[in-house]
Amino acid sequence: MAVKQDRLVQIGFMETGRRDSWWLPPVLTFAGYTAFIVYTTWAALQNANYWDGNLLSPFYSPELFGKSPHAIFGPEPSWWPNAIFPYSPALLILAFPAGFRMTCYYYRGAYYKAFWADPPGCAVGEPRKTYWGERTFPLIIQNIHRYFMYAAVAFIFLLSYDIYVSMKFPDGFGISLGTLILATNVVLIGSYTFGCHSFRHIAGGVLDRISRASVRKKVYDCSSCLNRRHMLFAWVSMFTVMFCDIYTRLCAMGVWTNWRIL
Amino acid sequence: MSQVTFRIWRGEGKEGEFKEYKTEITEGMVVLDAVHQIQAESAGDMAVRWNCKAGKCGSCSAEVNGMPKLMCMTRMNTLPQDKPITIEPIKAFPRIKDLVTDVSWNFDVKKRIKKFKPRPPDAPDGTWRMQQEDIDRPQEFRKCIECFLCQDVCHVLRDHHMHESFIGPRFLIYTAALEMHPLDTENRAKDLKDEFGIGLCNITKCCTKVCPENITITDNGIIPLKERVVDEFFDPVNKLLRIFKPNS
Ligand code: SF4
Ligand code: SF4
Ligand code: FES
Ligand code: FES
C-alpha cells in the first residue's frame, strides 16, 4: 500500500518546468488582498466621515452605537476603553464580513497560494517540507465557515435596509447616485453570498435525492449557478464594498457631492 | 513542417537526465506522435505508456513543459516551438523507466473505499428507479479516466509525499460519486476525515485545472464532501438537529 518515499523525487522551492507566467495570479491576489486589508483597517478605525446624510458606509453598517443618525441603539458606549483602543462602530460588526471572507473556500485556496506559497503555483515547488493542511489546529477552524455564512445572509438584509434609508430625504422619497452604488453593492455581495459553498450545501447539496424537494432543488440550482462564478463575485464585491466606503467618505468630507437623481 | 527540439527524461528509477532529440513536426501532430516518431527514429529503447491515443485510457500522462498533461491530447501547435519542449514523467509516483511511472498505489487506495451499498430494490423484479437530476452529480465524476494527472499536480502528494494519509483528488471524487449516489446507503464521512485525509486538501484547485475530462473536482466534489464532514463532525447545531430528525 505504501509508496516508498525514497523512490519519489524531491522537488525544491520554486522548482518547476512551467514556462508560462504562473506567478502572475498569486502576485495579483497578494496585491489585491493587501490593498483591501490595509484600506479596510484604516477606514474601520477612522470613526469619522462614514455617513453623509442618508448614506451609510457598509463598513459601518449596522451601526449599533455611534454618533451618526444611523445609530440604532444610541451614542458611543461610555464604558468603551477609549484610552486603550479608540472606539469605532465598525469594530463591533466588521468581524462578521471579515470572518466570512477569511473562511470562504475560494479565498482560502487563493491566499494559501498567494500568502503562504502552499503551493506557490500549480506544479511549482514549495518552500516547506512539513504540511498540516486544514486537518489540525489552527486551520481546522475554517470549518466554522457556515456560521459566518448565516451572519452574511443577515447582512444582506441589513445592507438592503441601508438602500431604503438612502432613499429617504427630508422632502420625501428620492434616489441619489449613492443609492445606486449601495444597491449595486448589495446585488454583488448577494451574488457572492448566495453562491457560497456552504449555502449551496445547505440549500440542497446535502440531499442525495434532491428531486423529491422541488423548492430546494430550485434554490440549489440558483446557488450552483452563482457558485460557478464565485471567484468573480468574491473579487467584484470586494471592490464595490470598498468603493461604497470611499464614495460615502468623500461625500462626507465634502470632496464629492452625493448627486440626487430623483 | 519544422524541426523541433525535445528534451525528454531518460533514466531508470530516480537516476537519469534530460536528453535532446530533434524531429520533424507536421500539421495536426500531438506530443505523443512526436514521442513515437523519436522512438522510431533515434530512441528505440525509450519507455512510454500509451494505449488509446484518444484521451480515454489515461495512460499517457506526463509533464509537458512542466504541466501535467495527456500527451495524446496535447497538440504540438499549442506549444511554443522556438525553445526545446520538455517531457518528463509525472512526479507524484515512483519512476520506473523514462516516461513510465508506477501508479499501482492508486489501485490499492481504491480498495480501501467502502463499496457501493444500494438500498433494497424498488421493484419486485429487483430493479431500482432513479431520477436523472439525482444522478447528474455522480455522473460528472464518472467521466474520470484515471489518468492521475490530478494526483500528480496535488501538492499534498507531489511535494509532501503524504500518500499514507491522503487519498488524493481522484479518490475524493470517486468517494463523492458513491456518497452522492441516490441509491447508496453507506456513510463514508468518518473515513474521509480520519483515513482519507480530506482535511489535507487546501482547496487550491490545481487538480481541477489539469483534469483532461474537465471535472470540477474541487468545487463539485471535494468541497461538498468537506461540507458533509462538517455536518457530522464540526457543526454542533446540525448534530443537535439530527437527534430530532435522524434520517436527514
Ligand atoms: S484542491 Fe485539494 S486535492 Fe486538489 S490539488 Fe489542491 S490540495 Fe490537492
Ligand atoms: S479526475 Fe480528471 S485528472 Fe483526475 S484522474 Fe480523473 S480524469 Fe484524470
Ligand atoms: S465559499 Fe466563498 S463565501 Fe462560502
Ligand atoms: S493514450 Fe489513452 S489517454 Fe493518451
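Treat the numbers as computed from the prediction; the structure is a model and nothing was measured. Letters A, B, ... mirror the listed sequences (proteins, then strands); counts begin at 1.
- A:Lys113 places a side-chain N or O within donor-acceptor distance of the main-chain N or O of B:Thr204, the cut-off being under 3.5 Å.
- Counting heavy atoms from C-beta outward, A:Arg19 and B:Thr86 have side chains that approach closer than 4.5 Å.
- In this structure, no portion of A:Asp20 lies under 4.5 Å from any heavy atom of chain B.
- Crowding of A:Met102 atom CE: a count of heavy atoms from other residues, nucleotides or ligands under 6.0 Å not exceeding 12.
- With a 4.5 angstrom heavy-atom cutoff, B:Pro138 does not touch chain A via any of its atoms.
- Heavy-atom distances place the side chain of B:Met162, and not its backbone, under 4.5 Å from chain A.
- Residue B:Pro89: no heavy atom, backbone or side chain, is found under 4.5 Å from chain A.
- Among A:Asn227, A:Ile210, A:Asp118, the residue with the largest count of heavy-atom pairs under 4.5 Å with chain B is A:Asp118.
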Start with the C-alpha gap between A:Gln10 and B:His161, add the side-chain angles, then the distance that decides, and say whether side-chain contact (heavy atoms from CB on, under 4.5 Å) holds. CA-CA 9 Å; A:Gln10 290 287 338; B:His161 300 169; 3.7 Å; yes
Please step through side-chain contact (heavy atoms from CB on, under 4.5 Å) for the pair A:Tyr105 and B:Asp219, ending with a clear verdict. CA-CA 9 Å; A:Tyr105 285 99; B:Asp219 286 346; over 6 Å; no
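- In this structure, B:Phe116 places its CZ atom where more than 12 heavy-atom neighbours from other residues, nucleotides or ligands lie under 6.0 Å away.
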Working note: A:Arg7 + B:Asp102, criterion side-chain contact (heavy atoms from CB on, under 4.5 Å); need CA distance, chi angles, decisive distance, verdict. CA-CA 10 Å; A:Arg7 288 180 64 202; B:Asp102 174 6; 3.5 Å; yes
Output, in order, the C-alpha distance, side-chain angles, deciding distance and verdict of salt bridge (charged side-chain N to carboxylate O under 4.0 Å, His left out) for B:Glu227 and A:Arg146. CA-CA 9 Å; B:Glu227 284 292 316; A:Arg146 61 176 59 167; 2.8 Å; yes
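- The candidate with the highest count of non-hydrogen atom pairs below 4.5 Å against chain A, out of B:Met130, B:Lys83, B:Lys205, B:Lys14, is B:Lys14.
- The candidate with the highest count of non-hydrogen atom pairs below 4.5 Å against chain A, out of B:Asn65, B:Val230, B:Asp152, is B:Asn65.
- To the nearest 0.5 Å, the span separating OG1 on B:Thr218 from OH on A:Tyr106 amounts to 13.0 Å.
- Neither the backbone nor the side chain of B:Val229 comes within contact range of chain A; no heavy atom of the residue lies under 4.5 Å from a heavy atom of that chain.
- Only the side chain of A:Tyr220 comes within less than 4.5 Å of a heavy atom of chain B; its backbone N, CA, C and O stay farther away.
- Chosen from A:Ala110, A:Gly133, A:Ser224, A:Pro119, the residue pairing most often with chain B at heavy-atom distances under 4.5 Å is A:Pro119.
- Of the atoms belonging to B:Cys154, not a single heavy atom falls under 4.5 Å from chain A.
- At most 12 non-hydrogen atoms from other residues, nucleotides or ligands lie less than 6.0 angstrom from CZ of A:Phe157.
- To the nearest 0.5 Å, atom CD1 of residue B:Ile203 and atom SG of residue A:Cys104 are 8.0 Å apart.
- With a 6.0 Å radius and a threshold of 12 heavy atoms from other residues, nucleotides or ligands, A:Lys218 has its NZ atom at or below the threshold.
- Nearest heavy atom pair, residue B:Met67 against residue A:Cys122, reads SD-O, 4.4 Å.
- Between A:Tyr131 and B:His155, the ring planes lie perpendicular to each other; the angle is over 60°, past the 30° to 60° tilted range.
- In this structure, chain A has a heavy atom under 4.5 Å from the backbone of B:Ile85, while its side chain stays farther away.
- How far CG of A:Leu8 is from OG1 of B:Thr101: 10.5 Å, rounded to the nearest 0.5 Å.
- Heavy atoms closer than 4.5 Å to chain B are found in the backbone of A:Thr130, but not in its side chain.
- No more than 12 heavy atoms of other residues, nucleotides or ligands sit less than 6.0 Å from atom OH of A:Tyr164.
- Counting all heavy atoms, side chain and backbone alike, A:His201 lies closest to B:Pro224 at ND1-O, 4.3 Å.
- By the neighbour-count criterion of 12 heavy atoms within 6.0 Å, atom CE of A:Met242 is densely surrounded, having more than that number from other residues, nucleotides or ligands.
- In plain terms, the two heavy atoms of B:Arg228 and A:Val206 that are nearest each other are NH2-O, 3.5 Å.
- The candidate with the highest count of non-hydrogen atom pairs below 4.5 Å against chain A, out of B:His160, B:Lys209, B:Lys111, is B:His160.
- Comparing A:Arg128, A:Arg108, A:Glu134 by heavy-atom pairs within less than 4.5 Å of chain B, the highest count is held by A:Glu134.
- What you find for B:Ser165 and A:Arg135 is that their closest heavy atoms are CB-NH1, 3.7 Å.
- Taking NE2 of A:His197 as the start and CG of B:Asn220 as the end, the distance is 8.0 Å to the nearest 0.5 Å.
- Interface residue A:Ile140: only side-chain heavy atoms are found under 4.5 Å from chain B.
- Closest non-hydrogen pair, A:Gly205 versus B:Arg137, comes out as O-NH1, 2.9 Å.
- Of the atoms belonging to B:Gln132, not a single heavy atom falls under 4.5 Å from chain A.
- Remark: B:Trp128 CH2 is packed, more than 12 non-hydrogen atoms of other residues, nucleotides or ligands lying under 6.0 Å away.
- The 12-atom threshold is not exceeded at CZ of A:Phe96, counting heavy atoms of other residues, nucleotides or ligands nearer than 6.0 Å.
- Both the backbone and the side chain of B:Lys91 come within less than 4.5 Å of a heavy atom of chain A.
- Of the residues considered (A:Glu15, A:His145, A:His230, A:Arg200), A:Arg200 shows the highest number of contacts with chain B, using heavy-atom pairs under 4.5 Å.
- The choice from B:Glu133, B:Glu179, B:Gln131 that makes the most heavy-atom pairs within less than 4.5 Å of chain A is B:Glu133.
- Checking side-chain atoms of B:Asp159 against main-chain N and O of A:Glu126 turns up a donor-acceptor pair under 3.5 Å.
- Highest contact tally toward chain A, considering only B:Arg95, B:Glu63, B:Glu88, is held by B:Arg95 [criterion: heavy-atom pairs under 4.5 Å].
- Scanning all heavy atoms of the two residues, the minimum distance from A:Trp132 to B:Leu200 falls at O-CD2, 3.4 Å.
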